[in-house]
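Structure record follows, encoded as C-alpha coordinates.
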Amino acid sequence: EGYLFPDTYYFPKGVGAEKIVTVMVRRFHSVFATEWKKRANELGFSVHEIVTLASIIEKESGVPAERALISSVFHNRLKKGMRLESDPTVIYGIEGFNGNITRSDLTADRPYNTYRIRGLPPGPIASPGVESLKAALFPVDSDYLYFVSKNDSTHQFSKNIIDHNRAVRKYQLNR
(Lines give C-alpha, C1' and ligand atoms only; values in the text may rest on other atoms or scores of the structure.)
Protein backbone atom coordinates (compact mmCIF):
# COMPACT_ATOMS: atom_id res chain seq x y z
CA GLU A 1 0.00 0.00 0.00
CA GLY A 2 1.29 3.44 -0.90
CA TYR A 3 4.00 2.45 -3.34
CA LEU A 4 1.86 1.26 -6.26
CA PHE A 5 2.09 4.56 -8.07
CA PRO A 6 -1.20 5.71 -9.62
CA ASP A 7 -0.62 6.29 -13.31
CA THR A 8 -1.68 4.97 -16.70
CA TYR A 9 0.11 1.76 -17.56
CA TYR A 10 0.01 -0.42 -20.66
CA PHE A 11 0.65 -4.13 -20.33
CA PRO A 12 0.30 -6.94 -22.80
CA LYS A 13 -2.62 -9.29 -22.26
CA GLY A 14 -1.83 -12.03 -19.78
CA VAL A 15 0.96 -10.24 -17.90
CA GLY A 16 1.23 -11.44 -14.32
CA ALA A 17 0.45 -9.49 -11.18
CA GLU A 18 4.08 -9.63 -10.03
CA LYS A 19 5.24 -7.81 -13.18
CA ILE A 20 2.50 -5.18 -12.78
CA VAL A 21 3.43 -4.54 -9.15
CA THR A 22 7.12 -4.32 -10.06
CA VAL A 23 6.44 -1.72 -12.75
CA MET A 24 4.19 0.33 -10.45
CA VAL A 25 6.72 0.32 -7.61
CA ARG A 26 9.53 1.16 -10.01
CA ARG A 27 7.44 4.12 -11.24
CA PHE A 28 7.01 5.30 -7.64
CA HIS A 29 10.79 5.29 -7.15
CA SER A 30 11.32 7.21 -10.39
CA VAL A 31 8.85 9.89 -9.25
CA PHE A 32 10.09 10.12 -5.66
CA ALA A 33 13.40 11.71 -6.66
CA THR A 34 16.54 12.28 -4.61
CA GLU A 35 15.53 15.92 -3.97
CA TRP A 36 12.32 14.71 -2.37
CA LYS A 37 14.24 12.30 -0.14
CA LYS A 38 16.40 15.22 0.97
CA ARG A 39 13.31 17.35 1.61
CA ALA A 40 11.73 14.56 3.69
CA ASN A 41 14.91 14.42 5.77
CA GLU A 42 14.89 18.23 6.20
CA LEU A 43 11.36 17.95 7.58
CA GLY A 44 12.41 15.16 9.95
CA PHE A 45 10.47 12.44 8.13
CA SER A 46 11.43 9.18 6.51
CA VAL A 47 10.25 8.46 2.96
CA HIS A 48 7.78 5.95 4.43
CA GLU A 49 6.36 8.62 6.75
CA ILE A 50 5.97 11.09 3.87
CA VAL A 51 4.20 8.45 1.78
CA THR A 52 1.95 7.69 4.75
CA LEU A 53 1.14 11.38 5.24
CA ALA A 54 0.62 11.88 1.49
CA SER A 55 -1.80 8.94 1.43
CA ILE A 56 -3.91 10.61 4.12
CA ILE A 57 -3.82 13.90 2.21
CA GLU A 58 -4.87 12.01 -0.93
CA LYS A 59 -7.92 10.56 0.83
CA GLU A 60 -8.84 13.83 2.59
CA SER A 61 -8.62 16.14 -0.40
CA GLY A 62 -11.51 16.51 -2.81
CA VAL A 63 -10.16 19.64 -4.47
CA PRO A 64 -6.53 19.57 -5.64
CA ALA A 65 -5.96 23.21 -4.65
CA GLU A 66 -6.52 22.31 -0.96
CA ARG A 67 -3.88 19.59 -0.71
CA ALA A 68 -1.04 21.81 0.55
CA LEU A 69 -3.38 23.47 3.06
CA ILE A 70 -4.60 20.09 4.35
CA SER A 71 -0.95 19.10 4.58
CA SER A 72 -0.22 22.20 6.66
CA VAL A 73 -2.95 21.23 9.13
CA PHE A 74 -1.40 17.77 9.57
CA HIS A 75 2.13 19.17 9.86
CA ASN A 76 0.94 21.70 12.45
CA ARG A 77 -0.85 19.01 14.45
CA LEU A 78 2.17 16.69 14.35
CA LYS A 79 4.45 19.51 15.56
CA LYS A 80 2.12 20.17 18.50
CA GLY A 81 1.80 16.47 19.38
CA MET A 82 -1.90 16.51 18.51
CA ARG A 83 -3.69 13.51 17.07
CA LEU A 84 -4.36 13.76 13.32
CA GLU A 85 -8.02 12.74 13.77
CA SER A 86 -8.45 11.80 10.12
CA ASP A 87 -11.62 9.92 9.19
CA PRO A 88 -9.99 8.06 6.24
CA THR A 89 -7.49 6.46 8.64
CA VAL A 90 -10.35 5.24 10.80
CA ILE A 91 -12.14 3.83 7.76
CA TYR A 92 -8.96 2.08 6.59
CA GLY A 93 -8.87 0.04 9.78
CA ILE A 94 -12.48 -1.14 9.61
CA GLU A 95 -13.05 -4.48 7.95
CA GLY A 96 -16.19 -4.41 5.82
CA PHE A 97 -16.78 -0.68 6.34
CA ASN A 98 -20.43 0.17 5.63
CA GLY A 99 -19.99 3.88 4.88
CA ASN A 100 -20.95 5.18 8.32
CA ILE A 101 -18.33 6.09 10.93
CA THR A 102 -19.69 5.52 14.42
CA ARG A 103 -18.56 6.81 17.81
CA SER A 104 -17.32 3.29 18.60
CA ASP A 105 -15.21 3.38 15.40
CA LEU A 106 -13.59 6.62 16.57
CA THR A 107 -12.77 5.19 20.00
CA ALA A 108 -11.64 1.72 18.88
CA ASP A 109 -8.03 0.78 19.56
CA ARG A 110 -6.76 0.09 16.05
CA PRO A 111 -3.29 0.93 14.74
CA TYR A 112 -4.70 3.18 11.98
CA ASN A 113 -7.18 5.04 14.16
CA THR A 114 -5.66 8.52 14.33
CA TYR A 115 -8.37 9.57 16.77
CA ARG A 116 -6.65 7.25 19.26
CA ILE A 117 -2.98 7.12 18.24
CA ARG A 118 -0.58 10.03 18.21
CA GLY A 119 1.49 10.65 15.12
CA LEU A 120 1.20 8.84 11.85
CA PRO A 121 -0.33 5.39 11.44
CA PRO A 122 2.05 2.51 10.69
CA GLY A 123 1.79 2.91 6.94
CA PRO A 124 -0.05 4.40 3.97
CA ILE A 125 -3.82 4.06 3.63
CA ALA A 126 -3.80 4.58 -0.16
CA SER A 127 -1.38 5.11 -3.01
CA PRO A 128 -0.84 8.87 -3.23
CA GLY A 129 -0.32 10.66 -6.51
CA VAL A 130 2.42 13.15 -7.26
CA GLU A 131 0.39 16.16 -6.07
CA SER A 132 -0.29 14.63 -2.64
CA LEU A 133 3.38 13.68 -2.31
CA LYS A 134 4.34 17.27 -3.15
CA ALA A 135 1.81 18.58 -0.63
CA ALA A 136 3.24 16.35 2.11
CA LEU A 137 6.73 17.62 1.33
CA PHE A 138 5.83 21.28 0.74
CA PRO A 139 2.89 22.29 2.94
CA VAL A 140 1.80 25.91 2.84
CA ASP A 141 2.60 27.99 5.89
CA SER A 142 -0.57 28.35 7.94
CA ASP A 143 -1.82 28.46 11.51
CA TYR A 144 -4.69 26.08 10.80
CA LEU A 145 -5.17 23.10 13.11
CA TYR A 146 -8.58 21.85 11.93
CA PHE A 147 -10.67 21.34 8.84
CA VAL A 148 -14.11 19.95 8.15
CA SER A 149 -15.83 19.00 4.92
CA LYS A 150 -18.38 21.44 3.54
CA ASN A 151 -19.94 18.49 1.68
CA ASP A 152 -19.06 20.04 -1.68
CA SER A 153 -15.52 18.59 -1.97
CA THR A 154 -14.05 21.63 -0.18
CA HIS A 155 -13.25 22.24 3.47
CA GLN A 156 -13.62 24.91 6.12
CA PHE A 157 -10.28 25.49 7.85
CA SER A 158 -10.02 26.73 11.44
CA LYS A 159 -7.24 27.87 13.76
CA ASN A 160 -8.96 26.94 17.02
CA ILE A 161 -11.41 24.40 18.41
CA ILE A 162 -14.20 26.95 18.93
CA ASP A 163 -14.25 27.94 15.26
CA HIS A 164 -13.86 24.30 14.24
CA ASN A 165 -16.83 23.20 16.35
CA ARG A 166 -18.87 26.02 14.85
CA ALA A 167 -17.93 24.79 11.34
CA VAL A 168 -18.80 21.19 12.28
CA ARG A 169 -22.24 22.32 13.46
CA LYS A 170 -22.77 24.30 10.26
CA TYR A 171 -21.50 21.80 7.70
CA GLN A 172 -21.91 18.40 9.32
CA LEU A 173 -24.71 18.70 11.84
CA ASN A 174 -26.78 21.22 9.81
CA ARG A 175 -27.44 23.48 12.79
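Values in this document were obtained by computation on a predicted structure and should not be read as measured data.
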For N41, what residues pass the side chain to side chain donor-acceptor pair (under 3.5 Å) criterion, not counting sequence neighbours? none
Those residues that, when tested against F74, pass side chain to side chain contact (heavy atoms under 4.5 Å, CB included) (two or more places apart): L53, I56, I57, E60, I70, L84, S86, F147
Which pairs would a plain distance check flag for residues 126-142, meaning a side-chain donor or acceptor within less than 3.5 Å of a matching protein atom at least two apart in sequence or in another chain?
{"unit_1": "S127", "atom_1": "OG", "unit_2": "G2", "atom_2": "N", "d": "3.3"}
{"unit_1": "S127", "atom_1": "OG", "unit_2": "L4", "atom_2": "O", "d": "3.2"}
{"unit_1": "S132", "atom_1": "OG", "unit_2": "E58", "atom_2": "OE1", "d": "2.6"}
{"unit_1": "S132", "atom_1": "OG", "unit_2": "R67", "atom_2": "NE", "d": "3.2"}
{"unit_1": "S142", "atom_1": "OG", "unit_2": "S72", "atom_2": "OG", "d": "2.8"}
{"unit_1": "S142", "atom_1": "OG", "unit_2": "Y144", "atom_2": "N", "d": "3.2"}

Single-linkage hydrophobic cluster I161~Y171, side-chain heavy atoms < 4.5 angstrom: no
Backbone N or O of R118 within a donor-acceptor pair of the R83 side chain at under 3.5 Å? no
Do you know the tightest heavy-atom contact between K59 and P88? CB-CB, 3.6 Å
When hydrophobic residues are tied together by side-chain contacts of less than 4.5 Å, even through go-betweens, does V47 share a cluster with W36? yes
How far does CZ of R110 sit from CZ of R116, to the nearest 0.5 angstrom? 11.0 Å
Closest contact, heavy atoms only, P121 versus Y112: CB-CD2, 3.5 Å
Is it the case that one hydrophobic cluster holds both I50 and V31, taking links as side-chain heavy atoms less than 4.5 Å apart, direct or via other members? yes
Would L69 end up clustered with V168 when hydrophobic side chains under 4.5 Å apart are linked, directly or stepwise? no
Determine yes or no for a side-chain-to-main-chain donor-acceptor pair under 3.5 angstrom, with T154 supplying the side chain and K150 the backbone. no
Value for OG1 (T89) from CG (L120), rounded to nearest 0.5 Å, stands at 10.0 Å
To the nearest 0.5 Å, how far apart are CZ in R27 and CZ in F32? 14.0 Å
Under a 3.5 Å distance rule, please check whether S55 uses its side chain to pair with a backbone N or O of I125 as donor and acceptor. yes
For L145 and M82 the tightest heavy-atom approach is CD2-SD, 4.0 Å
Supply the members, apart from I91, of the Ile/Leu/Val/Met/Phe/Trp/Tyr cluster built from side-chain contacts under 4.5 Å; use none for a lone residue. V90, I94, F97, I101, L106, Y115
Residue pairs passing the side chain to side chain donor-acceptor pair (under 3.5 Å) test with at least one member in residues 91-100, sequence neighbours excluded, are E1-Y92
Kindly write out the residues that satisfy side chain to side chain donor-acceptor pair (under 3.5 Å) with N76, not counting sequence neighbours, or none if the list is empty. none
Would you mind listing every salt bridge (charged side-chain N to carboxylate O under 4.0 Å, His left out) that reaches into residues 33-52, with sequence neighbours excluded? R39-E42
Specify the closest pair of heavy atoms between N160 and Y146, including all atoms of both residues, with the distance to one decimal. C-CE1, 3.5 Å
For Q156, which residues count as a side chain to side chain donor-acceptor pair (under 3.5 Å) partner, sequence neighbours excluded? none
Please list, chain by chain and in numerical order, all residues satisfying side chain to side chain contact (heavy atoms under 4.5 Å, CB included) with D143, sequence neighbours excluded. K159
With sequence neighbours excluded, residues passing side chain to side chain contact (heavy atoms under 4.5 Å, CB included) with H29: V25
Would a distance-only check, ignoring hydrogens and angles, find a side-chain to backbone donor-acceptor pair under 3.5 Å from N113 to D105? yes
Side chain to side chain, P111 and I117, heavy atoms closer than 4.5 Å: no
Residues that S149 engages under side chain to side chain donor-acceptor pair (under 3.5 Å), provided they are two or more places apart: none
If I compare all heavy atoms of T114 with all of G119, which pair ends up nearest, and what's the gap? CG2-O, 4.3 Å
Contacts under 3.5 angstrom, residues 9-17 side chains, donor-acceptor by atom type, not counting sequence neighbours:
{"unit_1": "Y9", "atom_1": "OH", "unit_2": "F5", "atom_2": "O", "d": "2.6"}

Apply the side chain to side chain contact (heavy atoms under 4.5 Å, CB included) test between F45 and each candidate in V51, T52, L78; give the one that qualifies. L78
